[in-house]
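Scope of the values below: all heavy atoms of this structure, side chains included, with no hydrogens, waters or symmetry mates. As the structure is a computational prediction, the values presented were derived from the model and not from experiment.
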Amino acid sequence: MPPVLANLPLPIIGSPLFIISNPRLVIEQCKAGVVGSMPALNARPASQLDEWLAEITETLAAYNRAHPDKPAAPFAINQIVHKSNDRLQHDMELCAKYKVPIVITSLGARTDVNDAVHGWGGVVLHDIINNSFAKKAIEKGADGLIAVAAGAGGHAGVKSPFALVQEIREWFDGPIALSGAIASGGAVLAARAMGADFAYIGSAFIATEEARASDGYKQMIVESSSDDIIYSNLFTGVHGNYLKGSIRAAGLDPEKLPESDPSAMNFGGDAKKAWKDIWGCGQGIGIVKEVVPARVLIARLVREYEAARKALALS
Ligand SMILES: Cc1cc2nc3c(=O)[nH]c(=O)nc-3n(C[C@H](O)[C@H](O)[C@H](O)COP(=O)(O)O)c2cc1C
C-alpha cells in the first residue's frame, strides 16, 4: 500500500462530484477522517484552481498542526483525462505546484499523467468499470483502482461489485476502492470483506450542507430510493445513473428516454450548461434521510461501521 493510503483514519474516500464538490466539502471530509476529493474542473475559471488548492492545503496543514495526534486524511484531485478536457495540462501543473497527494483519473488512462504525479510523490487511482480496463490502467502506471460497479452515481458500470472486485483481486494486490451505492457503514464493511480496501462514496455527500447542489437536488435525494434512479446514456454519451424526478422536471419521460449519440460526449464548458438540471445519483440513497453537515454523515458511517463489525464478531 502506498504510504499516503496506509493507515488512513477511515477506509472511506469521498468521491469527486462534478459541479458539487468544493473546497469546503473536501476540507470537512478530510478533517473527519475521510479522503476528500473534487474534480479540478469544478474550479471555474481555471485560475480559481490555484486559490482552491491553496485553501485546501493551508487549512489542512493548520488543522494538522493543531491536531498532531489526530491528523486529517489526505485529499485527492480528480482529472478527467478525456480529449475534450482542454485544461488538463494547466490543471496538472497546479497539482504539481501543490504536490497533490492523490490524483484520481477518469475516462482514459495515460502514462504521461501517471508519470507526472509520481514525479512529485503523489499516487494515482484510476476508475474503471471492468477487469480489462483495470488491467490497462495498471499497465499504464496507475497505483490503484476505483472499481465502479452497478448502481454508482454519475457514470456507472453494470457489473456486480462481487464479480468486479473478485476478478481484479485475482491478479492485483494493490489498493482498490469500491464504488457504487455505498451509503451505510455496513456497506463500507462489506466492501472490505469483499476484498476492497476502501469504500468510495459519492451520492450520500450530495445531501450535505457543504455540497454545492441546489436545495431541490438535496431534498430529492432525501426523498428518493433506488426505484427513483434510472440508468441512461442520453445526457453525456456515457451510461450513468440519474434521479428520475429531475428528468421529469426537465420535461422528459424517464421510462422512455432515447439513446444518445456518443460523439456528443463533452466535459468542457457546455457539459455544465446542457444538463445542469439533470441530477446524477447512485442507487444507495434510500438510507439518506436528511441534509446534514458532512461531519454528521461521516459520524453516522463510523457508528454503523463499528456496529456492523461488532455484530459480525459476535456471530
Ligand atoms: C452528481 C455526480 C457527479 C459525479 N462527477 C464525477 C466526476 O466529475 N468525476 C468522477 O470521477 N466521478 C464522478 N462521479 C462518480 C463518483 O465519483 C462515484 O463513482 C460515485 O458517486 C459512487 O457511487 P455513489 O454515488 O452511489 O456513492 C459523479 C457522481 C455523481 C453522483
Student: So with a 6.0 Å cut-off around CZ of F133, is the heavy-atom count from everything else above 12?
Tutor: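 Not more than 12 within 6.0 Å, no.
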
Student: Check the surroundings of atom NZ in K159: do more than 12 heavy atoms from other residues, nucleotides or ligands lie under 6.0 Å from it?
Tutor: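 No, not enclosed.
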
Student: Stepwise, does the side-chain contact (heavy atoms from CB on, under 4.5 Å) test hold for I201 with L301?
Tutor: CA-CA 11 Å; I201 303 182; L301 292 170; 3.9 Å; yes

Student: When you measure from the side chain of N241 to the backbone N and O of A152, does any donor-acceptor pair fall under 3.5 Å?
Tutor: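 Flag set: sc N241 to bb A152 pair under 3.5 Å.
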
Student: Can S179 and D127 be counted as having a side-chain donor-acceptor contact under 3.5 angstrom?
Tutor: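 No pair is found: no donor N or O on one side chain lies under 3.5 Å from an acceptor on the other.
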
Student: Counting distance only, does the side-chain N/O of N64 pair as donor-acceptor with the main-chain N or O of P71 below 3.5 Å?
Tutor: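 Between the backbone of P71 and the side chain of N64 there is no qualifying donor-acceptor contact (under 3.5 Å).
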
Student: State which residues pass salt bridge (Lys or Arg N to Asp or Glu O under 4.0 Å) with K244; sequence neighbours excluded, sorted by chain then number.
Tutor: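 If we apply the salt bridge (Lys or Arg N to Asp or Glu O under 4.0 Å) test to K244, skipping adjacent residues, the hits are E255.
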
Student: Can you tell me how far apart CD1 (I104) and CD (Q79) are? Round to the nearest 0.5 Å.
Tutor: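 Answer rounded to 0.5 Å: 10.5 Å.
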
Student: For residues A196 and V165, report the shortest heavy-atom separation together with the two atoms involved.
Tutor: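 Nearest heavy atoms, A196 then V165: N-CG1, 3.9 Å.
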
Student: Measuring from F162:CZ to E167:CD, what's the distance to the nearest 0.5 Å?
Tutor: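 That separation rounds to 13.5 Å.
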
Student: Would L107 and V148 show up in the same hydrophobic cluster when neighbours are defined by side-chain heavy atoms closer than 4.5 Å?
Tutor: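 No, L107 and V148 fall in different hydrophobic clusters.
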
Student: Give a yes or no on whether D253 atom CG has more than 12 heavy-atom contacts from other residues, nucleotides or ligands under 6.0 Å away.
Tutor: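 Result for CG/D253: enclosed.
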
Student: Any side-chain to backbone donor/acceptor pair from N114 onto K140? Under 3.5 Å, distance only.
Tutor: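 Pair found, side chain donor or acceptor close to backbone of K140.
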
Student: Salt bridge or not for K136 and E139, using N-O below 4.0 Å?
Tutor: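 Judged by the 4.0 Å cut-off on N to carboxylate O distance, K136 and E139 do not form a salt bridge.
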
Student: Evaluate side-chain contact (heavy atoms from CB on, under 4.5 Å) for I12 paired with Y200, printing each intermediate quantity in order.
Tutor: CA-CA 6 Å; I12 301 175; Y200 195 74; over 6 Å; no

Student: I need the L243 CG to I285 CD1 distance, nearest 0.5 Å.
Tutor: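 Reported to 0.5 Å precision, the distance equals 6.0 Å.
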
Student: Can V35 be reached from V302 by stepping across I, L, V, M, F, W or Y side chains whose heavy atoms are under 4.5 Å apart?
Tutor: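 No, V302 does not connect to V35 through the hydrophobic network.
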
Student: Between I129 and L164, is any pair of side-chain heavy atoms under 4.5 Å apart?
Tutor: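 Sidechains of L164 and I129: no contact.
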
Student: side-chain contact (heavy atoms from CB on, under 4.5 Å) between H82 and L88: does it pass, once the steps are laid out?
Tutor: CA-CA 9 Å; H82 184 259; L88 183 61; over 6 Å; no

Student: Inspect the surroundings of OH in Y231 and state if more than 12 heavy atoms from other residues, nucleotides or ligands are less than 6.0 Å away.
Tutor: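 It does: Y231 OH has more than 12 such atoms within range.
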
Student: With no hydrogens and no angle check, is any side-chain donor or acceptor of T208 less than 3.5 Å from a backbone partner on F205?
Tutor: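 It does hold such a pair.
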
Student: Between M194 and V188, is there a shared hydrophobic cluster once you connect ILVMFWY residues whose side-chain heavy atoms come closer than 4.5 Å?
Tutor: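 Result: yes, single cluster for both.
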
Student: Answer with yes or no whether the side chains of T236 and H155 bring together a donor and an acceptor at under 3.5 Å.
Tutor: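 H155 vs T236: donor-acceptor pair found between side chains.
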
Student: Under a 4.0 Å threshold between the charged nitrogen and the carboxylate oxygen, would R300 count as salt-bridged to E304?
Tutor: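 Counted as a salt bridge, because a side-chain N and a carboxylate O are separated by less than 4.0 Å.
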
Student: Would you say S224's side chain and I221's backbone share a donor-acceptor pair under 3.5 angstrom?
Tutor: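 Side chain of S224 to backbone of I221: no pair is present.
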
Student: Donor-acceptor pair, D143 side chain versus V124 backbone, under 3.5 Å?
Tutor: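 A pair under 3.5 Å: yes.
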
Student: Which of these, S37, P39, S21, S15, sits in a side-chain contact (heavy atoms from CB on, under 4.5 Å) with N78?
Tutor: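 Exactly one candidate clears the test, P39.
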
Student: For the pair D227 and S225, evaluate side chain to side chain donor-acceptor pair (under 3.5 Å) and give the outcome as yes or no after the intermediate values.
Tutor: CA-CA 5 Å; D227 285 351; S225 66; 4.8 Å; no

Student: So among N22, L17, L49, I19, which one has a side-chain contact (heavy atoms from CB on, under 4.5 Å) with M38?
Tutor: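 Only one of N22, L17, L49, I19 forms a side-chain contact (heavy atoms from CB on, under 4.5 Å) with M38, namely L49.
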
Student: When you look at W52 and N42, which way does the side chain to side chain donor-acceptor pair (under 3.5 Å) test go after all the steps?
Tutor: CA-CA 10 Å; W52 280 12; N42 279 14; over 6 Å; no

Student: Side-chain contact, heavy-atom cut-off 4.5 Å: S246 with D277?
Tutor: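 Answer no - side chains too far apart.
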
Student: Do F198 and I176 come close enough that some side-chain heavy atom pair is under 4.5 Å?
Tutor: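 Of all side-chain heavy-atom pairs linking I176 with F198, none is under 4.5 Å.
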
Student: Give, for atom OG of S232 and atom CD1 of I230, the distance between the pair rounded to the nearest 0.5 Å.
Tutor: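 Between atom OG of S232 and atom CD1 of I230 there are 7.0 Å.
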
Student: Short question: side chain of E210, backbone of A294 - any donor-acceptor pair under 3.5 Å?
Tutor: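 Yes, E210 side chain to A294 backbone: donor-acceptor pair under 3.5 Å.
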
Student: What's the shortest heavy-atom distance between G282 and I229, and which atoms?
Tutor: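 Taking G282 first and I229 second, the nearest heavy atoms are O-CD1, 3.5 Å.
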
Student: Considering only heavy atoms from C-beta outward, does the side chain of L53 approach that of V100 to under 4.5 Å?
Tutor: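 Side chain of L53 against side chain of V100, heavy atoms only: contact under 4.5 Å found.
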
Student: If we only count heavy atoms from C-beta on, is the V117 to V123 side-chain gap below 4.5 Å?
Tutor: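 No - every pair of side-chain heavy atoms lies 4.5 Å or more apart.
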
Student: Quick one: do D91 and K97 make a salt bridge, cutoff under 4.0 Å?
Tutor: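 Salt bridge: no.
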
Student: Minimum heavy-atom separation for F172 and G144, please, with both atom names.
Tutor: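 For F172 and G144, the tightest heavy-atom pair comes out as CZ-CA, 4.0 Å.
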
Student: If you measure from CD on E55 to CG on L60, what distance do you get to the nearest 0.5 Å?
Tutor: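 Rounded to the nearest 0.5 Å, the CD-CG separation comes out at 9.5 Å.
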
Student: Does any N or O in the side chain of K218 come within less than 3.5 Å of the main-chain N or O of A211, such that one atom is a donor and the other an acceptor?
Tutor: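 Yes: the side chain of K218 pairs with the backbone of A211.
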
Student: Could you check E170 against Q166 for side chain to side chain donor-acceptor pair (under 3.5 Å), going step by step and ending with a plain yes or no?
Tutor: CA-CA 7 Å; E170 277 187 10; Q166 166 182 287; 5.8 Å; no

Student: Under 6.0 Å from the CD atom of E306, do we count more than 12 heavy atoms belonging to anything else shown?
Tutor: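 Yes, CD of E306 has more than 12 neighbouring heavy atoms, counting only those of other groups under 6.0 Å.
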
Student: Any chance you could lay out the side-chain contact (heavy atoms from CB on, under 4.5 Å) test for R192 and Y305, step after step, and finish with the verdict?
Tutor: CA-CA 11 Å; R192 297 196 70 195; Y305 181 72; 2.8 Å; yes

Student: Considering only heavy atoms from C-beta outward, does the side chain of Y98 approach that of I77 to under 4.5 Å?
Tutor: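 Side-chain contact under 4.5 Å: no.
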
Student: Answer yes or no: is there a side-chain heavy-atom contact under 4.5 Å between I102 and F75?
Tutor: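 Counting from C-beta outward, I102 and F75 never come under 4.5 Å.
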
Student: So, taking the atom named CG in N85 and the one named NZ in K83, what distance separates them when rounded to the nearest 0.5 Å?
Tutor: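 Reported value, rounded in 0.5 Å steps: 12.0 Å.
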
Student: Please tell me whether L297 and V34 are part of a single hydrophobic cluster in this structure, the criterion being side-chain heavy atoms less than 4.5 Å apart.
Tutor: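 Per the 4.5 Å side-chain linkage, L297 and V34 are co-clustered.
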
Student: Looking only at heavy atoms, which two atoms of G284 and A183 are closest? And how far apart?
Tutor: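 Shortest heavy-atom contact: O-CB, 3.4 Å.
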
Student: For the residue pair Y217 and W279, categorise the inter-ring angle as parallel (less than 30°), tilted (30 to 60°) or perpendicular (more than 60°).
Tutor: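 Answer is parallel, since the angle falls under 30°.
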
Student: Same hydrophobic cluster for V81 and W120, using side-chain heavy-atom links shorter than 4.5 Å among ILVMFWY?
Tutor: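 The answer is yes; both residues are in one hydrophobic cluster.
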
Student: Answer yes or no: is there a donor N or O on one side and an acceptor on the other, between the side chain of H126 and the main chain of L145, under 3.5 Å?
Tutor: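 A pair under 3.5 Å: no.
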
Student: Could you check if a side-chain atom of T59 sits within less than 4.5 angstrom of a side-chain atom of C30, using non-hydrogen atoms only?
Tutor: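 Answer no - side chains too far apart.
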
